[in-house]
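In this chain, numbering begins with 1 at the start of the sequence shown.
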Amino acid sequence: MTIIRGCQPYQRRDVTFTMIKEVLEKLKLEKLHFAPFRVWQAYEQLEKVNGNSPKNELTALVSLIRRITEIDPVLTAYNRTVNRNFQDWVFKKQAGTLKFNDDQMNWLRMIKDYVATSFHLEIDDLDYTPFDAPGGRGRMYQLFGDEMNMVISELNEALAA
């Protein structure tokens, strides 16, 4: 995997969820001292960190990659990045004629929270917790119709940007 400095979100689409998970597994198995939590702790000793320690190693790795590639000027907890990007995305969407209703916003927030801890949402994830309790894939389709897949795709891209 090649990391290019100063990439724009469009160019970063080449780094996939699968690639990130592969790097995480390789680090955990072969380079234990480079495990994302340990590297995060080292950064905390060396420089300012924006946010609390990550909840899992996958999001720690994503945050570290964002810092190392200078996407973020300081190491930033991934949930903070996702929250900021979510606010920006919703604001841009609703700046025009589109207005999300309360039920749609609740689903969008649930997706945001999921991505903040899992990095990415696949359509099949809607069949499991936390999405299954309020109706899963079927309920999301009721709320967003034929735009459901586009909303998921846009959110995955926007939240990771």
Side-chain angles (χ1 to χ4, degrees), residues 1-93 100 105-134 136-137 140 149-161:
M1 175 172 72
T2 303
I3 298 175
I4 301 171
R5 296 180 145 206
C7 295
Q8 296 300 315
Y10 178 82
Q11 295 166 316
R12 286 197 314 263
R13 282 193 262 178
D14 293 335
V15 177
T16 66
F17 177 63
T18 303
M19 292 168 138
I20 298 284
K21 287 189 78 155
E22 287 173 3
V23 168
L24 175 61
E25 291 308 312
K26 188 167 185 110
L27 286 173
K28 285 168 48 178
L29 289 173
E30 297 176 16
K31 309 285 187 201
L32 188 57
H33 55 283
F34 289 125
F37 282 143
R38 288 184 181 218
V39 176
W40 182 282
Q41 291 169 344
Y43 263 93
E44 284 179 319
Q45 300 298 313
L46 298 173
E47 67 181 42
K48 178 184 173 191
V49 173
N50 187 3
N52 297 328
S53 294
K55 303 244 186 285
N56 61 56
E57 287 192 315
L58 179 64
T59 58
L61 179 60
V62 172
S63 294
L64 289 163
I65 290 171
R66 291 177 60 86
R67 172 62 185 103
I68 291 165
T69 59
E70 298 179 350
I71 294 167
D72 293 332
V74 298
L75 185 59
T76 302
Y78 190 63
N79 66 316
R80 285 189 177 216
T81 299
V82 168
N83 285 336
R84 180 191 66 232
N85 291 346
F86 178 75
Q87 288 175 343
D88 292 345
W89 182 82
V90 169
F91 181 77
K92 286 175 189 170
K93 285 292 193 184
F100 295 117
M105 280 305 299
N106 288 335
W107 269 86
L108 294 173
R109 283 187 203 98
M110 201 169 16
I111 291 170
K112 172 202 51 111
D113 292 342
Y114 183 85
V115 170
T117 59
S118 302
F119 178 66
H120 188 81
L121 175 76
E122 296 290 336
I123 190 80
D124 292 343
D125 295 333
L126 297 173
D127 298 329
Y128 304 101
T129 304
F131 306 105
D132 60 339
R137 190 185 312 211
M140 186 166 179
N149 289 333
M150 186 211 45
V151 167
I152 291 171
S153 178
E154 277 189 29
L155 273 175
N156 276 325
E157 185 174 330
L159 297 179

Quiz item: Between CG of L126 and CD1 of I152, what distance do you get to the nearest 0.5 Å?
Solution: 4.5 Å

Quiz item: Taking only residues two or more places apart in sequence, or in another chain, which ones meet N50 in a side chain to side chain contact (heavy atoms under 4.5 Å, CB included)?
Solution: V74, T76, R80

Exercise. Determine the interplanar angle of the W107 and F131 rings, folded into 0 to 90°, and report it as parallel if under 30°, tilted if 30 to 60°, perpendicular if over 60°.
Key: parallel

Quiz item: Counting heavy atoms not belonging to F37, are there more than 12 under 6.0 Å from its CZ?
Solution: yes

Self-check item: For D127, salt bridge (Lys or Arg N to Asp or Glu O under 4.0 Å) partners two or more places apart
Solution: R137

Self-check item: Distance, nearest 0.5 Å, that separates CG of D88 from CG of L159
Solution: 10.0 Å

Exercise. Kindly compute the distance separating CE (M110) from OG1 (T129), expressed to the nearest 0.5 Å.
Key: 11.0 Å

Quiz item: Which pairs count as salt bridge (Lys or Arg N to Asp or Glu O under 4.0 Å) when at least one residue sits in residues 39-54, sequence neighbours excluded?
Solution: E47-R67

Quiz item: Does E154 have any side chain to side chain contact (heavy atoms under 4.5 Å, CB included) partners at least two apart in sequence or in another chain, and if so, which?
Solution: W89, K93, M150

Exercise. Kindly indicate whether the side chain of L155, heavy atoms from C-beta on, has any atom under 4.5 Å from the side chain of L121.
Key: no

Quiz item: Where the side chain of N156 meets the backbone of H120, is there a donor-acceptor pair that is under 3.5 Å apart?
Solution: no

Exercise. Examine distances only and state if a side-chain atom of S118 and a backbone atom of Y114 form a donor-acceptor pair shorter than 3.5 Å.
Key: yes

Quiz item: Can you name the closest pair of heavy atoms from P134 and P130 and give their distance?
Solution: CD-O, 3.2 Å

Self-check item: From L61 atom CG to Y78 atom OH, the distance as rounded to the nearest 0.5 Å
Solution: 11.5 Å

Quiz item: What is the distance from atom CD1 of I68 to atom CG of L75, rounded to the nearest 0.5 Å?
Solution: 8.5 Å

Self-check item: salt bridge (Lys or Arg N to Asp or Glu O under 4.0 Å) against D125, all qualifying residues, sequence neighbours excluded
Solution: none

Exercise. For the residue pair V151 and L108, establish whether any side-chain heavy-atom pair is separated by less than 4.5 Å.
Key: yes

Quiz item: Among all residues two or more places apart in sequence or in another chain, which pass the side chain to side chain contact (heavy atoms under 4.5 Å, CB included) test with N56?
Solution: L58, T59, T117

Self-check item: For the student: nearest non-hydrogen atoms of S63 and W40, plus distance
Solution: CB-CZ3, 3.5 Å

Quiz item: Distance from I111 atom CD1 to F86 atom CZ, nearest 0.5 Å?
Solution: 8.5 Å

